[in-house]
Structures are given as C-alpha cells and as structure tokens.
Amino acid sequence: MKVMIDLCVIPLGVGVSVSEYVTACQRVLEETGLEHQMHAYGTNIEGDWDDVMAAVKRCHEVVHEMGAPRISSSMRLGTRTDREQSIEDKVQSVRAKLTAD
C-alpha cells in the first residue's frame, strides 16, 4: 500500500536549536530514495507503507544515536485506493486552481 505522510520529528532535551537533527533525518530520507519534500515544520514523504515507516523508525534511531534522550514526533498520513497520487500532484492541483481564478 502506498502512503503519503507529513512527519515532524522533535528531539527533546537537546537545547533550542534542532537543525542538526533535522539534517540527520533528511540524510536518512535521501538514503532511502523515497520521494520527500522538506518544509518549515516537517517533511512530506511518499512511498510504500513499509518503506516509509522504516524511514521514520530510522530517523528516530539516528536522532537517539546523536544523543537526544527523547523524541516526540507527529505524523499525519493518508492513503487512497482509487488512484495513484504524488506529493507533486497534490500541490499542482491547488496551484492550477490558484492560477485559474
């Protein structure tokens, strides 16, 4: 099953700046080959359910390995069976409507 998620990984107990941890998670995602798009408060990821969930798990492992004693992550996810849809498809649909007005 394909899934599209919006993931926000928040390391706790590491101070105010978390960019080095976000960078580490982005590297994990790049290594997976999954389609993903970082945004200001998280990352959209799409792909096979098991592959995406394995990437989320790996992000947690890496952040813990970096010394974060706790991690709080939020994740919104969606699946559909009527047709395939990518992150880019969803964004383009809205952009097309914006330019049509």
Side-chain angles (χ1 to χ4, degrees):
M1 175 185 299
K2 299 287 185 183
V3 66
M4 193 176 305
I5 72 169
D6 185 30
L7 174 67
C8 180
V9 175
I10 305 163
L12 302 172
V14 297
V16 177
S17 178
V18 296
S19 62
E20 68 182 286
Y21 303 94
V22 172
T23 301
C25 283
Q26 289 299 307
R27 286 191 176 120
V28 166
L29 296 174
E30 288 172 8
E31 290 170 4
T32 67
L34 293 168
E35 289 295 322
H36 63 283
Q37 291 182 0
M38 183 176 60
H39 54 86
Y41 285 98
T43 303
N44 294 129
I45 309 164
E46 68 180 65
D48 178 75
W49 181 284
D50 292 336
D51 294 340
V52 171
M53 295 307 155
V56 171
K57 179 181 179 182
R58 186 67 189 134
C59 280
H60 271 247
E61 291 170 342
V62 166
V63 171
H64 280 306
E65 289 167 6
M66 293 174 71
R70 293 182 66 191
I71 301 168
S72 176
S73 289
S74 62
M75 184 170 52
R76 294 182 299 157
L77 57 96
T79 58
R80 65 184 305 166
T81 59
D82 59 326
R83 67 183 178 97
E84 293 218 4
Q85 185 179 41
S86 68
I87 295 168
E88 188 59 31
D89 292 338
K90 291 177 70 84
V91 172
Q92 284 301 104
S93 176
V94 173
R95 286 188 178 144
K97 289 173 178 65
L98 285 170
T99 58
D101 292 339

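Predicted model, so just to flag it, every value in this text is computed and none were measured.
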**Message:** Could you work out, with side-chain hydrogen bond (donor to acceptor under 3.5 Å, both in side chains) as the rule, every residue matching Ser74, not counting sequence neighbours?
**Reply:** none
**Request:** Nearest 0.5 Å please: distance from the NE2 atom of His60 over to the OG atom of Ser72.
**Result:** 8.0 Å
**Val56 with Met1, same ILVMFWY side-chain cluster at under 4.5 Å** = yes
**Test side chain to side chain donor-acceptor pair (under 3.5 Å) applied to Ser93 and Lys97, step by step** = CA-CA 7 Å; Ser93 176; Lys97 289 173 178 65; 3.2 Å; yes
**Message:** So Glu88 and Arg95, do their side chains get closer than 4.5 Å, heavy atoms only?
**Reply:** yes
**Prompt:** In Å, rounded to the nearest 0.5 Å, how long is the span from CG of Asp48 to OG1 of Thr32?
**Reply:** 11.5 Å
**Message:** Could you check whether any side-chain heavy atom of Ile71 comes within less than 4.5 Å of a side-chain heavy atom of Leu12, counting everything from C-beta outward?
**Reply:** no
**For Asp50, all residues meeting salt bridge (Lys or Arg N to Asp or Glu O under 4.0 Å), sequence neighbours excluded** = none
**Nearest-0.5 Å distance that lies between atom CG in Leu29 and atom CG in Asn44** = 11.0 Å
**Asked** Does a sphere of radius 6.0 Å around CZ in Arg80 hold more than 12 heavy atoms from other residues, nucleotides or ligands, not counting ones at 6.0 Å or beyond?
**Response** yes
Just distance, no hydrogens or angles: give the donor-acceptor pairs under 3.5 Å from side chains in residues 15-22, sequence neighbours left out.
none

**Message:** Looking at every non-hydrogen atom in both residues, tell me the closest pair between Ser86 and Met4 and how far apart they are.
**Reply:** C-CE, 3.5 Å
**Which atom of Pro69 lies closest to which atom of Val14, heavy atoms considered** = CD-CG1, 4.3 Å
**Request:** Could you tell me whether the side chain of Val63 reaches within less than 4.5 Å of the side chain of Cys25, counting heavy atoms only?
**Result:** yes
**Message:** Going by salt bridge (Lys or Arg N to Asp or Glu O under 4.0 Å), name the residues that satisfy it together with Arg58, two or more places apart in sequence or in a different chain.
**Reply:** Glu61, Glu65
Indicate every side-chain donor-acceptor pair of residues 34-41 with a distance under 3.5 Å to a residue at least two apart or in another chain.
unit_1	atom_1	unit_2	atom_2	d
His36	ND1	Leu34	O	2.9
His39	ND1	Tyr41	N	3.4
His39	NE2	Asp6	OD1	2.7

**Message:** My understanding is that only residues two or more places apart in sequence, or in another chain, count here; which of them pass side chain to side chain contact (heavy atoms under 4.5 Å, CB included) with Leu77?
**Reply:** Val3, Ile5, Trp49, Met53, Met75
**Prompt:** Does one hydrophobic cluster hold both Val62 and Ile10, with members joined at side-chain heavy-atom distances below 4.5 Å?
**Reply:** no
**Asked** So how far is it from His64 NE2 to Cys59 SG, rounded to the nearest 0.5 Å?
**Response** 11.5 Å
